[in-house]
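One structure is given below, encoded as structure tokens.
The basis for the numbers below is simple: all heavy atoms, side chains too, and nothing from hydrogens, waters or symmetry mates. For clarity, every value in this text was computed on a predicted model and none was experimentally measured.
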Amino acid sequence: MMRKFFIYCESDGFKSAVVFLRKTLCRFIFRKSKTYFYAVQKVSMEYKPIEGYEIRELPLEEVESLHFPRLKVCNYKKWFAEGGKVYVGFYNGVPVSYTWTHFGKYHFSGLGDFLMGNSECWIGPTFVHRRYRGLGLNRAQLLYQIANEHLSICYGSANESNISSIKSIERIGFKKIGSVSVLEILGKKKVYIDGLDVNRIRQI
């Protein structure tokens, strides 16, 4: 956990790292969260290259050899084994961002699996290093990713407190389709699903 804390300090900033640590420690006593679910069939914007910024889909072997600690705190080996794909963004040759594509299902900690059909995918999680935020990189990598998947529907999510992510995905055409709230007190969990097809959710 402390390794993740220091990685988050470098990539997201001290404040975000403290929030991560506090949530991790407090979840054993009390945890409350609300996640909005989104879907898009046709994005409202086209991908436009950004000077100095290159996006590439990387196989597991290249990810293993890449110096990008923030990417490697993800469950990347498990996601690759399940058929997931990762797009990594390089700014002047330095890896600074990533976004994942998942097929069939996407797992939410504390909730379970969101199930998808053959012509659907899950977009995320996404990340941009704090030093490169505000340049439009997250929007660019999402548009590039969606254009390369060639699927009928892409799903994604954002925590209600992550205003920047919500604005980013709504701006390119994602529409809110529902939400999931989780309340956990001393190990007892309650899940509230609003607006989503319950058959999509396989609780664990």
Side-chain angles (χ1 to χ4, degrees), residues 4 7 11-12 35-50 52-109 111-129 132-133 135-159 162 165-166 168-175 177 200-202 204:
K4 279 190 177 182
I7 290 174
S11 63
D12 297 65
T35 301
Y36 294 122
F37 284 61
Y38 289 85
V40 65
Q41 290 181 288
K42 183 179 180 181
V43 296
S44 57
M45 304 174 68
E46 292 184 4
Y47 168 71
K48 295 180 180 179
I50 296 174
Y53 184 59
E54 178 190 12
I55 306 168
R56 301 201 312 263
E57 180 192 344
L58 297 186
L60 175 60
E61 295 75 18
E62 288 191 45
V63 170
E64 292 280 28
S65 62
L66 192 67
H67 180 68
F68 197 178
R70 185 61 169 76
L71 173 58
K72 293 182 180 178
V73 298
C74 299
N75 293 321
Y76 71 98
K77 292 182 180 179
K78 179 176 182 288
W79 291 346
F80 271 116
E82 293 174 346
K85 296 160 59 175
V86 66
Y87 295 87
V88 177
F90 296 82
Y91 198 86
N92 293 329
V94 178
V96 300
S97 69
Y98 64 76
T99 181
W100 284 87
T101 306
H102 303 269
F103 305 96
K105 65 177 182 178
Y106 180 68
H107 182 74
F108 281 87
S109 177
L111 172 61
D113 295 328
F114 181 83
L115 306 176
M116 296 171 288
N118 293 333
S119 61
E120 302 172 335
C121 71
W122 185 272
I123 300 295
T126 69
F127 168 79
V128 177
H129 194 286
Y132 300 88
R133 292 171 188 169
L135 302 177
L137 303 191
N138 193 52
R139 179 177 60 193
Q141 69 176 357
L142 285 171
L143 291 172
Y144 181 91
Q145 175 185 23
I146 292 169
N148 278 271
E149 298 306 347
H150 305 294
L151 296 173
S152 61
I153 301 178
C154 296
Y155 295 97
S157 68
N159 189 276
N162 196 340
S165 288
I166 290 173
S168 179
I169 62 177
E170 289 185 348
R171 191 176 294 121
I172 66 174
F174 277 85
K175 303 297 183 184
I177 59 172
R200 289 272 189 181
I201 308 296
R202 182 171 61 197
I204 296 176

For the side chain of R133 and the backbone of V128, is there at least one donor-acceptor N/O pair under 3.5 Å apart? yes

Distance from L66 atom CG to E61 atom CD, nearest 0.5 Å? 13.0 Å

Applying ring pair (Phe, Tyr, Trp, His ring centres under 6.0 Å) to F37 and F114, what does each step give before you reach the verdict? CA-CA 10 Å; F37 284 61; F114 181 83; 5.6 Å; yes

Y98 versus R70, side-chain donor and acceptor atoms under 3.5 Å: yes

Donor-acceptor pair, side chain of H102 and main chain of C121, under 3.5 angstrom: no

Do Y144 and R139 get their side chains close enough for a donor-acceptor pair, meaning under 3.5 Å? no

Hey, is CG on N118 packed in by over 12 heavy atoms from elsewhere, all under 6.0 Å? no

Quick one: does S165's side chain have a donor or acceptor within less than 3.5 Å of a partner on N162's backbone? no

For I50 and G136 the tightest heavy-atom approach is CD1-O, 3.8 Å

Could you give me the CA-CA distance, side-chain angles and deciding distance for Y36 and N159, then say whether side chain to side chain contact (heavy atoms under 4.5 Å, CB included) is met? CA-CA 6 Å; Y36 294 122; N159 189 276; over 6 Å; no

Ignoring hydrogens and geometry beyond distance, is a side-chain donor-acceptor pair present between T101 and Q145 at under 3.5 Å? yes

R56 NZ/CZ over F90 ring centroid, <6.0 Å and within 45° of normal: yes

May I have the step-by-step check of salt bridge (charged side-chain N to carboxylate O under 4.0 Å, His left out) for R200 and E120, ending in yes or no? CA-CA 12 Å; R200 289 272 189 181; E120 302 172 335; 2.8 Å; yes

Please assess S157 against F108 for the test side chain to side chain contact (heavy atoms under 4.5 Å, CB included), listing each intermediate value before the final yes or no. CA-CA 10 Å; S157 68; F108 281 87; 3.7 Å; yes

Show your reasoning for whether side chain to side chain contact (heavy atoms under 4.5 Å, CB included) applies to L60 and Y76. CA-CA 8 Å; L60 175 60; Y76 71 98; 3.8 Å; yes

Ignoring hydrogens and geometry beyond distance, is a side-chain donor-acceptor pair present between S97 and Y87 at under 3.5 Å? no

Least distance between heavy atoms, Y47 atom then A140 atom: CD1-O, 3.3 Å

Tell me which one of I55, V96, L71, T99 satisfies side chain to side chain contact (heavy atoms under 4.5 Å, CB included) with V88. L71

Describe, in one word, how the ring planes of Y132 and Y91 are oriented to each other, choosing from parallel (under 30°), tilted (30 to 60°) and perpendicular (over 60°). tilted

Distance-minimising heavy-atom pair for M116 and Y106: CE-N, 4.1 Å

What's the separation between atom CD in Q141 and atom OG in S168, rounded to the nearest 0.5 Å? 8.5 Å

Just do the side chain to side chain contact (heavy atoms under 4.5 Å, CB included) check on Y38 and V40 with the steps written out, would you? CA-CA 7 Å; Y38 289 85; V40 65; over 6 Å; no

Residues P95 and F68: closest non-hydrogen pair is CB-CD1, 3.6 Å

Qualifying residue, where the test is side chain to side chain contact (heavy atoms under 4.5 Å, CB included) with W100 and the options are V86, I123, T126: V86

Contact check, side chains of E57 and N148, non-hydrogen atoms, under 4.5 Å: no

What pair of heavy atoms forms the shortest contact from E46 to L143, and how long is it? O-CD1, 3.7 Å

In this structure, CD1 of I153 is separated from CD of Q41 (nearest 0.5 Å) by 4.5 Å

Within residues 75-99 or reaching into it, pairs that qualify as salt bridge (charged side-chain N to carboxylate O under 4.0 Å, His left out) - sequence neighbours excluded: E64-K77, K78-E82, K85-E149

Search all heavy atoms of Y155 against all heavy atoms of F174 and return the closest pair with its distance. C-CE2, 4.1 Å

Between the CD1 atom in I169 and the NZ atom in K175, the distance rounded to the nearest 0.5 Å is 11.5 Å

